[in-house]
Participant: 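What follows is a structure written as structure tokens; I'll ask about it next.
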Amino acid sequence: MAAEVQEEYLHKGWFSEINEMWPGIAVSIGVDKKLFSAKSRYQQIDVYQTRSHGKMLVLDGIIQLTEQDEFAYHEMMAHLPLMAHPNPERVLVIGGGDGGILREAGRHDTVRRMDFCEIDEKVIEVSRRFFPETACGFNDERVHIHIEDGDTFVNRCKSCYDVIIVDSSDPVGPGEALFRRPFYNGLKQALAPGGIICTQGESSFLHPEWVRELSQITRELFEASAYATVIVPTYTGGHISICTASLGPALTVPARPMDKDLQARLKYYSPEVHKAAFALPPFARKLVEA
Ligand code: SAM
């Protein structure tokens with residue numbers, strides 16, 4: 001039913017993100033044409049040319065990024081944990097087949113190696129072809145690509161990483177395991193002392209139950225944990241949460257000054273935004289403290 005409705009909207013020149021994950025609400029984006037469509041082993045992959053937001057990547061009917069506003073999500077998911085760590089050298093990125101997190105993480109001179117674990121090779125291929133400004137992260141020689149389920153990969157790592165960033169799709173389809181406690185146990189073991197994790201934390205408005213659960217898991221497993229919010233106009237609800245946790249001190253403030261050249265290249269992250277992103281309205285604070 002949802003797919004039929006979506007097709008109907010497409011005929012009228014609109015892509016609507018109609019999905020049972022957020023019943024009764026949908027982001028709609030005017031589209032000129034579908035540039036690519038294929039089913040990989042794991043998911044349906046579509047690329048659209050939108051009228052106002054550049055090209056758009058959609059997986060299983062859910063918007064992953066548009067060229068116009070991807071910077072907000074990618075900058076915050078990368079720079080929040082990397083700036084909260086005093087000297088991040090070894091980084092693991094799980095998911096994130098578009099390359100945007102790698103692009104941002106690679107801006108830090110302290111980083112010596114970036115392992116990248118994505119389950120679906122086809123997303124990387126499509127992103128390289130249609131989103132070169134995001135996928136440029138793959139050109140960094142510090143990147144080592146592993147095509148594998150992140151849940152399996154992380155269990156082979158012991159005390160390996162200073163920062164782990166989980167840029168997962170939603171907890172339906174291949175990303176499901178990445179929202180469960182065993183995966184977070186694996187993340188903890190894979191961190192070096194003082195290490196930090198940062199995961200896609202869904203929305204306090206749309207999915208309070210997931211926010212509550214991830215908060216409980218991270219609070220129990222880690223020394224410090226905190227939820228942040230980032231504005232992303234093309235995600236349903238106009239925002240998404242970021243779940244962070246650390247084996248070291250609190251990560252709600254940057255641990256080091258930001259390089260001036262790096263700051264000049266960023267459009268969303270700043271040390272002020274870092275601190276402000278962790279200020280939650282009372283209803284969301286209640287969820288993360290429940
Ligand atoms: N934050 C974005 C969003 O939710 O809109 C996520 C973008 S990124 C394209 C998500 C990536 O996670 C996809 O490329 C998908 O293939 C990958 N992914 C999903 N489950 C995974 C798993 N179990 N292991 C590794 N990568 C996974």
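In listed order, ligands and their atoms are each counted from 1.
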Participant: Quick check: are there more than 12 heavy atoms from other residues, nucleotides or ligands sitting under 6.0 Å from CD1 of Ile231?
Facilitator: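 At most 12 heavy atoms, drawn from other residues, nucleotides or ligands, come within 6.0 Å of this atom.
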Participant: A side-chain contact here means heavy atoms from C-beta on lying under 4.5 Å apart; do Ile147 and Ile119 qualify?
Facilitator: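 Not in contact.
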Participant: What does the list of residues with a heavy atom under 4.0 Å from ligand 1 look like, ordered by chain and number?
Facilitator: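 Its neighbours under 4.0 Å (heavy atoms only) are Gln43, Leu59, Ile63, Gln64, Tyr73, Gly95, Gly96, Gly97, Asp98, Cys117, Glu118, Ile119, Asp120, Val123, Glu148, Asp149, Gly150, Asp167, Ser168, Ser169, Pro174, Gly175, Leu178, Gln200, Tyr235, given by chain and number.
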Participant: So for atom CD, which belongs to Glu141, do other residues, nucleotides or ligands contribute more than 12 heavy atoms lying within a distance under 6.0 Å?
Facilitator: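 Atom CD in Glu141 is not crowded, with 12 or fewer foreign heavy atoms closer than 6.0 Å.
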Participant: Would you give me the side-chain donor-acceptor pairs under 3.5 Å for residues 150-158, sequence neighbours excluded?
Facilitator:
residue: Asn155; atom: ND2; partner: Asp151; partner atom: O; Å: 2.8
residue: Arg156; atom: NH1; partner: Glu148; partner atom: OE2; Å: 2.6
residue: Arg156; atom: NH2; partner: Glu148; partner atom: OE1; Å: 3.0
residue: Arg156; atom: NH2; partner: Glu148; partner atom: OE2; Å: 3.3
residue: Lys158; atom: NZ; partner: Asn155; partner atom: O; Å: 3.0
residue: Lys158; atom: NZ; partner: Gln189; partner atom: OE1; Å: 2.9

Participant: Do Ser246 and Phe222 have side chains that get closer than 4.5 Å, going by heavy atoms?
Facilitator: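 Result no, sub-4.5 Å side-chain heavy-atom pair not found.
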Participant: Check whether any side-chain heavy atom of Met77 sits under 4.5 Å from a side-chain heavy atom of His74, and report yes or no.
Facilitator: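 Side-chain contact under 4.5 Å: no.
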